[in-house]
Amino acid sequence: MTPVGDGGPPPSCGQVRFYGRRHGRSLRPRRLAALSLDLDRLVLALPADAGVRLDPRLAFDPPRPRVWLELGFGTGEHLLGQAARDPEVALIGCEAFLNGVAALTVAVTDAGLAARVRIFADDARRLLPRLAPASVERVFILFPDPWPKRRHRSRRLLNDATIDELAEVLIDGGELRFASDHAEYALSTLARLTRHPALRWTATRAADWRQPPADWIPTRYERKARAAARPPLFFRFVRRIRAENCERV
Ligand SMILES: C[S@@+](CC[C@H](N)C(=O)[O-])C[C@H]1O[C@@H](n2cnc3c(N)ncnc32)[C@H](O)[C@@H]1O
C-alpha cells in the first residue's frame with residue numbers, strides 16, 4: 001500500500017503534530033483497494049531534498065498553469081465538484097484522514113479526473129512550507145476543525161503562521177476562500193486575515209459573507225451545520241500584487 005503522505009516522518013514526530021483523527025471505521029473493500037491500486041498515481045510527491053520547494057503546476061503531466069488547493073477536503077466532494085466544473089484547472093487536495101483520502105481516490109478514479117487531481121495525504125502544515133511562492137491560484141479551507149475549547153485553539157489550522165504561508169504560495173490576484181459555522185473561529189480568522197498586509201477582503205455587503213460564492217459546492221459539514229441551525233460564514237480574500245510586480249501591471 002502507498003505510504004500515507006509524502007511529507008517526511010509521521011505527524012506525531014518533529015514540529016508538526018496532528019491532533020485530528022487519522023483513521024475512522026474500517027474501509028469498505030472498494031476504498032481499501034483504491035488506496036493500494038489508485039492512490040500511487042494521485043499522490044503529490046514532494047522533492048526529497050527538504051530545502052527544495054515544489055512548483056505544484058509542474059506536478060502534473062503535462063504541467064498545468066492553474067492549480068487550486070483544498071486543505072482538509074473531508075471526503076472530497078467539493079474538490080471533485082470544482083474539478084468537474086472547470087476542465088482548465090488542476091486541483092491538489094490535502095487531507096490527513098485516511099478514510100477521506102480513500103473516498104476521494106475512488107471518486108477521482110471513477111470520474112476520470114486522475115490527470116488533474118493530486119492528493120497530499122498528510123498534515124497541511126507539512127505541505128504549505130514546501131510549495132513554491134506564487135504558485136497556487138486559489139486555496140479553499142472549508143469548515144476546518146474549530147477546536148472550540150480555549151486550551152485547544154493552538155491546534156487550529158489557521159493561525160498567523162499558516163496565513164503567512166498561504167499568502168506566500170498564492171499568486172498575485174489569487175484567492176483564499178474560507179468557510180466556517182463556528183462563529184468565534186470564523187471571526188478570529190477574519191481578524192487575522194484582514195490585518196494581513198498581503199490579503200484584501202473582497203466583501204462589500206453582508207450578503208458577501210452570508211451567502212456562498214456563485215460557483216459554490218456545498219460540503220458534508222456545511223449540510224450538518226445548516227441542519228443544526230448554525231449558518232456558515234463565507235470569506236473571500238484576494239492576494240495583493242507583490243511590490244516587485246507592481247510596475248509590470
Ligand atoms: C470538519 S472537517 C471538514 C471537511 C470538509 N472540508 C467539509 O467541509 O466537509 C475538517 C477536515 O480537515 C481535516 N484536517 C484537519 N486538520 C488538518 C490538517 N492539519 N491537515 C490536513 N487535514 C486536516 C480533518 O481530517 C477533516 O477531514
Side-chain angles (χ1 to χ4, degrees), residues 5-8 11 14-18 43-60 63-73 79 82 89-96 117-142 144-145 153-180 185-186 188-203 213 234-249:
D6 194 37
Q15 295 181 314
V16 172
R17 176 155 178 216
F18 182 72
V43 157
L44 181 78
L46 295 178
D49 180 344
V52 175
R53 296 173 72 159
L54 173 75
D55 186 330
R57 295 167 292 201
L58 307 181
F60 299 88
R64 300 274 174 172
R66 297 174 57 207
V67 170
W68 295 358
L69 170 67
E70 182 166 347
L71 303 180
F73 60 68
L79 187 152
Q82 292 290 359
V89 167
L91 281 116
I92 294 172
C94 172
E95 172 57 59
V117 175
R118 290 292 172 270
I119 296 177
F120 186 78
D122 203 335
D123 196 307
R125 293 163 302 165
R126 289 174 177 272
L127 175 62
L128 289 174
R130 302 294 314 276
L131 295 178
S135 60
V136 174
E137 187 182 76
R138 189 179 289 184
V139 177
F140 302 95
I141 303 177
L142 311 180
D145 294 319
R153 284 194 189 153
S154 61
R155 301 178 180 187
R156 289 176 172 173
L157 178 55
L158 276 171
N159 53 42
D160 287 338
T162 48
I163 291 171
D164 277 346
E165 288 168 344
L166 288 166
E168 192 176 17
V169 301
L170 279 169
I171 61 169
D172 290 1
E175 188 178 329
L176 170 62
R177 290 189 182 182
F178 172 87
S180 178
Y185 189 15
S188 64
T189 301
L190 179 63
R192 288 177 197 277
L193 292 169
T194 46
R195 68 173 177 253
H196 197 287
L199 299 172
R200 178 177 61 78
W201 193 18
T202 61
F234 304 90
F235 303 138
R236 298 169 74 178
F237 280 77
V238 166
R239 196 344 167 159
R240 293 183 197 277
I241 297 173
R242 289 161 170 82
E244 64 269 27
N245 294 334
C246 274
E247 64 232 30
R248 287 191 229 145
V249 293

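- Among all heavy-atom pairs drawn from A161 and N159, the shortest one is N-OD1, 3.0 Å.
- In this structure, CZ on R240 lies 6.5 Å from CZ on R200, to the nearest 0.5 angstrom.
- For R125 against L157, the heavy-atom pair with the smallest separation is CG-CD1, 4.2 Å.
- Counting all heavy atoms, side chain and backbone alike, D123 lies closest to A96 at N-CB, 4.4 Å.
- Within the 3.5 Å criterion, the main-chain N or O of L158 finds a donor-acceptor partner in the side chain of Y185.
- Checking side-chain atoms of T202 against main-chain N and O of R236 turns up a donor-acceptor pair under 3.5 Å.
- Between the side chain of R156 and the backbone N or O of P144 there is no donor-acceptor pair closer than 3.5 Å.
- One finds the CG atom of L44 at 11.0 Å from the CG atom of D122 (value rounded to the nearest 0.5 Å).
- Taking CZ of F235 as the reference point, atom CG of L193 lies at 8.0 Å (rounded to 0.5 Å).
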Practice task
Before giving the answer on side-chain contact (heavy atoms from CB on, under 4.5 Å), spell out for R177 and F234 the whole-Å C-alpha distance, their side-chain angles and the decisive distance to 0.1 Å.
Solution key: CA-CA 7 Å; R177 290 189 182 182; F234 304 90; over 6 Å; no
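- For the pair E95 (side chain) and F73 (backbone), a donor-acceptor distance under 3.5 Å is present.
- Within the 4.5 Å cutoff, the side chain of L71 has no heavy atoms near those of the T162 side chain.
- If you take CG on L69 and CG on L166, they are separated by 8.0 Å, rounding to the nearest 0.5 Å.
- The nearest pair of heavy atoms linking R118 to A59 is NE-O, 3.6 Å.
- Two residues are said to be in side-chain contact when any heavy atoms from C-beta on lie closer than 4.5 Å; S135 and R57 meet this criterion.
- A pairwise comparison of heavy atoms in I163 and R192 identifies CD1-CB, 3.6 Å as the closest pair.
- Looking at V136 and I92, their side chains never come closer than 4.5 Å, going by heavy atoms from C-beta outward.
- When side chains are defined from C-beta on, F237 counts as touching T194, because their heavy atoms get closer than 4.5 Å.
- Taking 4.5 Å as the limit, some side-chain heavy atom of R242 sits within range of a side-chain heavy atom of D172.
- Summarising the geometry of E70 relative to L142, their closest heavy-atom pair is OE2-CD1, 3.9 Å, with the distance given to 0.1 Å.
- A distance of 14.5 Å separates CD of E175 from CZ of R239, quoted to the nearest 0.5 Å.
- Proximity of D164 to H196: side-chain heavy atoms (C-beta onward) are separated by under 4.5 Å at one or more points.
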Practice task
Take L127 and L46, measure what side-chain contact (heavy atoms from CB on, under 4.5 Å) needs, and give me the verdict at the end.
Solution key: CA-CA 8 Å; L127 175 62; L46 295 178; 4.0 Å; yes
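- At a threshold of 4.5 Å between non-hydrogen side-chain atoms, the residues C94 and R126 do not count as touching.
- Here CG of L79 is found 4.5 Å from CG of L91. Values are rounded to the nearest 0.5 Å.
- Inter-residue side-chain proximity for R195 and D160 is flagged as met; some heavy-atom pair is nearer than 4.5 Å.
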